[in-house]
*Asks:* 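Quick one: the structure is below, and I'll ask about it shortly.
Fair warning: this is a prediction, and the values are worked out from it, not measured in the lab. Read the numbers this way: they start at 1 and go in the same order the structure lists the ligands and their atoms.
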Amino acid sequence: MDLRFSPEDEQYRLKLRSWLEDNLPEDAPPSEQDAEFAYRRAWQRRLYEGGWVGINWPKAYGGQGATLIQQAIYAQEMTRAKAPQPANGLGISIVGPTLMHHGTEAQKKRYIPKILSGEEIWCQGFSEPNSGSDLASLQTKAVLDGDDFVVNGQKIWTSLGQYADWCILLVRTDPNAPKHRGISYLLVDMHSPGITVRPLKQITGNSEFNETFFDNVRVPKQNLVGELNDGWRIAMTTLTYERGISSLATQVRIKQQLDAMIDYARTTPKNGHTLAQEPVLRQQLARAYIGVEIMLLNLYRGITNRLRGKPAGPEASLDKLYWSELDKWMQELGMELQGPYSQLMEGSKYAVEGDWQYNFLRSRAGTIYSGTSEIQKNIIGERVLGLPKG
Ligand SMILES: Cc1cc2nc3c(=O)[nH]c(=O)nc-3n(C[C@H](O)[C@H](O)[C@H](O)COP(=O)(O)OP(=O)(O)OC[C@H]3O[C@@H](n4cnc5c(N)ncnc54)[C@H](O)[C@@H]3O)c2cc1C
């Protein structure tokens, strides 16, 4: 494995870095959620105008056709610059690429252009109250009535549902077929009559996701993606894109947080010396450092395999399991370093460090979305190690 970047790739990095220097928003993101979303939407518009959004998309669809290495550089530079996330994250990462593969020409023309510009925001209606890990057991149903499907049921965990204009929705269209075969994939206008979106408050105080109810919602037949009852295959394409290259950005973020923890330990007095001189905390910081470096090497190994033409495959579960559990453990370490001050949220009078509390409360989410830690372990056991099914 060659861990160096080529001169052309370094050139690409410099070009992006200099664009970021000229274009990053000067004002900090607002803390109120709706205002923050509007801020990210404006940022996406700026990225779009500069040609820096959806860089992995083919040029024909407004992307750069960026190589895997360029995508890795992009993820690292955006995180290093602490750039905001574009507002239409799901549209860019999963909806556009799925439509490029499976959409009709009319669907591609209608929906794809407004994804990168952020004119239309997308959400993902897959999970239901009783169907998460076992997604194929979903019960939201759609029945054909003339030229429309009529949709009834409930989704949950719908990220961005409260802002979304459109939704990729999995519905059961044949209740008698085996569970993976009776599912269809629809594009649903979130402004349709009969849709109710109820934000759910998380422990962080934000409402990142929602419950979404469908009560006799009419969806035109031409909004079916692929064939009737073939939605599972299309959903698998969507889920493959969900597990993309973004883990590199996560690695840079975790590394920045670790650097802040090390600084804090070096400068914070405790019992006549600094936290960094406490034997147990020193060891934990060293363990965290090793963990973050291993994460980077694992990710580089994955990229190298893909450059050699191997598909992402079940080994991707190692990365997901590793970074999400590492992140959770490291955020707990941050709380331990702050001791009693860890109980104070950012903005409280005596709070000592920025967003550590938020990161701690948010970190469990990483071990749940895109397949929980237990599901990743099942995949590693069965498909990487070849162990019998549990
Ligand atoms: C921040 C966040 C954003 C999300 N955004 C979206 C979104 O936009 N759209 C969307 O559709 N979904 C979204 N999800 C939902 C996510 O995909 C599900 O939470 C996830 O698939 C797990 O499903 P569940 O919550 O129903 O848990 P369950 O599947 O009910 O699992 C409950 C527990 O049982 C364990 N478990 C389940 N099955 C097994 C098994 N076979 N072996 C061992 N243990 C098992 C799980 O690991 C877990 O600990 C989001 C989730 C989060 C946390």
*Asks:* Does Met78 reach the side chain of Leu16, with side-chain heavy atoms less than 4.5 Å apart?
*Replies:* yes
*Asks:* For ligand 1, which is the ligand I care about here, please tell me if Ile156 has any N or O atom under 3.5 Å from one of the ligand's N or O atoms.
*Replies:* no
*Asks:* If you look only at distance, which donor and acceptor atoms sit under 3.5 Å apart when one is on a side chain in residues 254-261 and the other is two or more places apart or in another chain?
*Replies:*
{"residue": "Gln256", "atom": "NE2", "partner": "Thr79", "partner atom": "O", "Å": "3.3"}
{"residue": "Gln257", "atom": "OE1", "partner": "Gln331", "partner atom": "NE2", "Å": "2.6"}

*Asks:* Is there side-chain contact between Ser137 and Asn130, with heavy atoms separated by less than 4.5 Å?
*Replies:*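 A side-chain contact is absent here, since even the closest heavy-atom pair is not under 4.5 Å.
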*Asks:* Specify side chain, backbone, both or neither for Ile368, according to which of its non-hydrogen atoms lie closer than 4.0 Å to ligand 1.
*Replies:* both
*Asks:* Using a 3.5 Å cut-off and no angle test, enumerate the donor-acceptor pairs between side-chain atoms of residues 160-170 and protein atoms at least two apart in sequence or in another chain.
*Replies:*
{"residue": "Gln162", "atom": "OE1", "partner": "Asn210", "partner atom": "ND2", "Å": "2.7"}
{"residue": "Gln162", "atom": "NE2", "partner": "Ser207", "partner atom": "O", "Å": "2.7"}
{"residue": "Tyr163", "atom": "OH", "partner": "Asp34", "partner atom": "OD1", "Å": "2.6"}
{"residue": "Asp165", "atom": "OD1", "partner": "His191", "partner atom": "NE2", "Å": "2.9"}
{"residue": "Asp165", "atom": "OD2", "partner": "Ile121", "partner atom": "N", "Å": "2.8"}

*Asks:* Are any of the N or O atoms of Thr372 closer than 3.5 Å to those of ligand 1?
*Replies:*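 Between Thr372 and ligand 1 (N or O atoms, distance only) the closest approach is under 3.5 Å.
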*Asks:* Please could you name the atoms of ligand 1 that Ile375 approaches to less than 4.0 Å, counting only its heavy atoms?
*Replies:* 38 (N), 39 (C), 40 (C), 41 (N)
*Asks:* If I apply the N/O under 3.5 Å rule, does Ser127 come out as touching ligand 1?
*Replies:* yes
*Asks:* Using a 3.5 Å cut-off on N or O atoms only, is Glu208 in polar contact with ligand 1?
*Replies:*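 No, Glu208 has no N/O under 3.5 Å of an N/O on ligand 1.
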*Asks:* Quick one: does NZ or CZ of Lys320 land under 6.0 Å from the six-membered ring centre of Tyr369, within 45 degrees of the ring axis?
*Replies:* yes
*Asks:* Evaluate Glu374 for polar contact with ligand 1, using N/O atom pairs at a separation under 3.5 Å.
*Replies:* yes
*Asks:* Check this for me - ligand 1, Ser370, N or O atoms closer than 3.5 angstrom, yes or no?
*Replies:* no
*Asks:* Less than 3.5 Å apart, any donor N or O on the side chain of Ser6 or Asp9 sitting next to an acceptor on the other?
*Replies:* yes
*Asks:* Could you identify the single nearest non-hydrogen protein atom to atom 53 (C) of ligand 1 and state the distance to 0.1 Å?
*Replies:*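 Nearest neighbour among protein heavy atoms for atom 53 (C) of ligand 1, to 0.1 Å: Trp157 CZ3, 3.5 Å.
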*Asks:* Going by the atom numbers of ligand 1, which of them fall below 4.0 Å from some non-hydrogen atom of Phe126?
*Replies:*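 Checking each atom against Phe126, I get 11 (O).
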*Asks:* Quick one: nearest non-hydrogen protein atom to atom 9 (N) of ligand 1, plus distance?
*Replies:* Gln124 O, 2.8 Å
*Asks:* Which of the atoms in ligand 1, numbered in the order shown and given with their element, are less than 4.0 Å from a heavy-atom of Ser159?
*Replies:* 3 (C), 4 (C), 5 (N), 6 (C), 7 (C), 8 (O)
*Asks:* Asn378 heavy atoms, cut-off 4.0 Å: which ligand 1 atoms fall inside?
*Replies:* 40 (C), 41 (N), 42 (N), 43 (C)
*Asks:* Please state which part of Leu135 comes within less than 4.0 Å of ligand 1, counting heavy atoms only: side chain, backbone, both or neither.
*Replies:*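 It is neither part, as no heavy atom is under 4.0 Å.
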*Asks:* Of the protein's non-hydrogen atoms, which lies at the shortest distance from atom 26 (O) of ligand 1, and what is that distance?
*Replies:*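 The closest one turns out to be Gly132 CA, 3.3 Å.
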*Asks:* Output yes when a protein non-hydrogen atom is found under 4.0 Å of atom 13 (C) of ligand 1, and no otherwise.
*Replies:* yes
*Asks:* Is atom 34 (O) of ligand 1 touching the protein, meaning some protein heavy atom lies under 4.0 Å away?
*Replies:* no
*Asks:* Hydrogens and angles aside, do Ser373 and Thr367 bring a side-chain donor and acceptor to less than 3.5 Å of each other?
*Replies:*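 Looking only at side-chain atoms, Thr367 and Ser373 do not form any donor-acceptor pair under 3.5 Å.
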*Asks:* Write out the residue and atom name of the closest protein heavy atom to atom 31 (O) of ligand 1, then the distance separating them to 0.1 Å.
*Replies:* Ser133 OG, 3.9 Å
*Asks:* Does the protein place a non-hydrogen atom closer than 4.0 angstrom to atom 23 (O) of ligand 1?
*Replies:*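 Yes.
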